[in-house]
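Heads up: the structure comes next, in structure tokens.
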Amino acid sequence: MSSTELPFVPPANVLPKVGTVRVAEGERLRSVELPGVTLTVRSRPPAREGLPPALYVHGLGGSSQNWSALMPLLEDVVDPEALDLPGFGDSPPPDDGDYSVTGHARAVIRYLDASGRGPVHLFGNSLGGAITTRVAAVRPDLVRTLTLVSPALPEIRVQRSAVPTGLLAVPGIAPLFTRLTREWTAEQRVRGVMALCYGDPGRVTPEGFRNAVQEMERRLRLPYFWDAMARSARGIVNAYTLGGQHGLWRQAERVLAPTLLVYGGRDQLVGFRMAQKAARAFRDSRLVTLPDAGHVAMMEYPETVAMAFRELLDDSGELGTQRARRARGAADSGDSRARADDAVDRDTTDESMGG
């Protein structure tokens with residue numbers, strides 16, 4: 001299937017009405033229209049005004065919900081937002097049908113330029129890691145720090161467990177897979193995804209599993225679901241083959257922002273052996289390895305990832321800057337109170353002296 005072909009649309013009898021996207025307590029969703037693309041943005045109110053902005057970018061087949069466990073753990077140090085990439089979550093497909101890594105990166109850049117929130121603390125998982133690496137390389141002005149959880153950067157020897165996902169990139173495989181798995185329930189699909197993405201699927205709570213099943217049921221009703229998956233998978237494969245200055249490893253070397261790398265020892269999609277190569281490629285990097293984590297450490301071990309990010313902020317001087325701003329704010333507030341007290345004292349003195 002070429003990028004100019006019309007999306008594959010399943011038969012109408014398997015397209016019941018699509019339900020609404022789940023919004024956790026404290027979260028808000030809004031739709032942002034940009035040139036050529038409409039994005040759904042998930043956000044939480046920061047703990048206080050003036051915190052630096054953060055933007056979270058999910059991976060293949062994911063959505064902004066993938067960051068719902070991490071976002072509240074950092075809302076006291078960043079002002080958080082998470083995107084649904086075009087064709088995923090609650091964002092419709094892009095107008096031009098471009099699901100390449102560059103196409104997704106362009107959507108992220110358009111949002112940051114339009115929102116005026118940059119520079120941001122930029123997070124990316126899997127495909128989102130490749131996208132945010134490209135954003136940080138070509139638009140360093142938009143990125144304060146970069147946090148990559150199992151980034152999909154090129155590997156010469158791909159793990160066998162990652163091959164089925166890569167096969168989605170082959171023309172015709174997505175419609176074939178759709179037909180072959182037509183009888184699979186949403187619950188069966190979710191169990192398969194969790195077995196692939198989690199180091200220990202048993203860490204998923206019953207409520208989390210039910211929410212994932214509901215979301216899977218919703219996505220399967222979308223006429224463009226498999227097309228978005230297939231073309232985005234093809235985008236990753238194509239990005240792996242690019243050489244020269246457009247190659248992802250070359251772009252990783254160009255990233256100026258302090259970078260946190262998080263790799264899981266049980267990751268079946270991104271090789272754990274790539275952690276050291278990534279640590280060497282990013283010039284200002286910190287590496288955290290989690291032996292028991294799989295492909296989505298921010299969902300399995302959100303507290304650990306949050307702690308590592310705070311250490312990144314501390315190392316890069318960001319936390320010190322925030323403390324200084326709070327101290328200045330407190331001092332200014334104290335000065336204001338003192339001036340107000342002086343004014344009250346003067347007024348009282350004036351009154352006692354007969355004004």
Side-chain angles (χ1 to χ4, degrees), residues 54 56-75 77-78 80 82 121-133 136 145-155 157-162 165 190-205 208-209 212 236 248 252 255 257-282 284-316 319:
Y56 300 82
V57 184
H58 63 82
L60 181 67
S63 76
S64 57
Q65 293 184 62
N66 291 20
W67 301 100
S68 288
L70 181 64
M71 288 170 69
L73 300 179
L74 295 174
E75 61 187 15
V77 291
V78 297
H121 294 290
L122 192 57
F123 292 71
N125 168 234
S126 189
L127 167 62
I131 293 166
T132 52
T133 294
T145 66
L146 181 63
T147 297
L148 304 176
V149 181
S150 296
L153 299 175
E155 300 182 44
R157 290 187 300 110
V158 178
Q159 297 182 97
R160 235 186 301 183
S161 52
T165 302
V190 168
R191 290 194 188 280
V193 170
M194 288 183 171
L196 184 64
C197 292
Y198 279 73
D200 177 11
R203 294 182 64 86
V204 181
T205 65
F209 182 78
I236 298 175
L248 284 170
V255 171
T259 302
L260 171 63
L261 301 165
V262 182
Y263 280 79
R266 296 183 179 179
D267 195 331
Q268 299 182 64
L269 294 171
V270 168
F272 186 66
R273 65 184 179 277
M274 304 305 294
Q276 292 298 330
K277 179 174 182 177
R280 291 191 299 269
F282 290 90
D284 184 6
S285 68
R286 296 141 185 84
L287 174 62
V288 174
T289 57
L290 304 178
D292 296 325
H295 191 59
V296 287
M298 73 288 186
M299 299 172 73
E300 284 190 273
Y301 297 95
E303 294 85 1
T304 306
V305 175
M307 184 183 303
F309 176 72
R310 290 174 184 275
E311 291 174 356
L312 171 70
L313 291 185
D314 208 10
D315 291 346
S316 60
L319 276 184

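Index from 1, following the sequence.
Of all the heavy atoms in A130 and A152, the pair that sits closest is CB-O, 3.4 Å. Pairing each heavy atom of L73 with each of R310, the nearest pair is O-NH2, 2.9 Å. Scanning all heavy atoms of the two residues, the minimum distance from G124 to T132 falls at CA-OG1, 3.8 Å.
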task = May I have the step-by-step check of side chain to side chain contact (heavy atoms under 4.5 Å, CB included) for Y56 and V78, ending in yes or no?
result = CA-CA 11 Å; Y56 300 82; V78 297; 4.1 Å; yes
task = Determine, step by step, whether S150 and V296 satisfy the side chain to side chain contact (heavy atoms under 4.5 Å, CB included) criterion, reporting the C-alpha distance in whole Å, the side-chain angles of both residues, the deciding distance to 0.1 Å, and the verdict.
result = CA-CA 7 Å; S150 296; V296 287; over 6 Å; no
inquiry  = For Q276 and R280: C-alpha separation, side-chain torsions, deciding distance, then whether side chain to side chain contact (heavy atoms under 4.5 Å, CB included) applies.
reply    = CA-CA 6 Å; Q276 292 298 330; R280 291 191 299 269; 3.8 Å; yes
Full working for side chain to side chain contact (heavy atoms under 4.5 Å, CB included) between D292 and D200 = CA-CA 7 Å; D292 296 325; D200 177 11; over 6 Å; no
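Ring-plane geometry between H121 and F309 is classed as perpendicular, the angle between the planes exceeding 60 degrees on a 0 to 90 degree scale with a lower cut at 30.
With hydrogens and angles disregarded, a donor-acceptor distance shorter than 3.5 Å links the side chain of N125 to the backbone of V149. One N or O on the side chain of E155 and one on the backbone of G271 form a donor-acceptor pair closer than 3.5 Å. In this structure, E300 contributes its side chain and R203 its backbone to no donor-acceptor pair below 3.5 Å.
Rounding to the nearest 0.5 Å places CE of M299 at 11.5 Å from NE2 of H58.
Between M274 and L153 the shortest side-chain heavy-atom distance does not fall below 4.5 Å. Counting only heavy atoms from C-beta outward, the side chains of T147 and F123 approach each other to under 4.5 Å. A 4.5 Å side-chain heavy-atom check between L312 and P258 finds at least one atom pair inside the cut-off.
For the side-chain contact (heavy atoms from CB on, under 4.5 Å) criterion with L260, the lone passing option out of T145, D315, V288 is V288.
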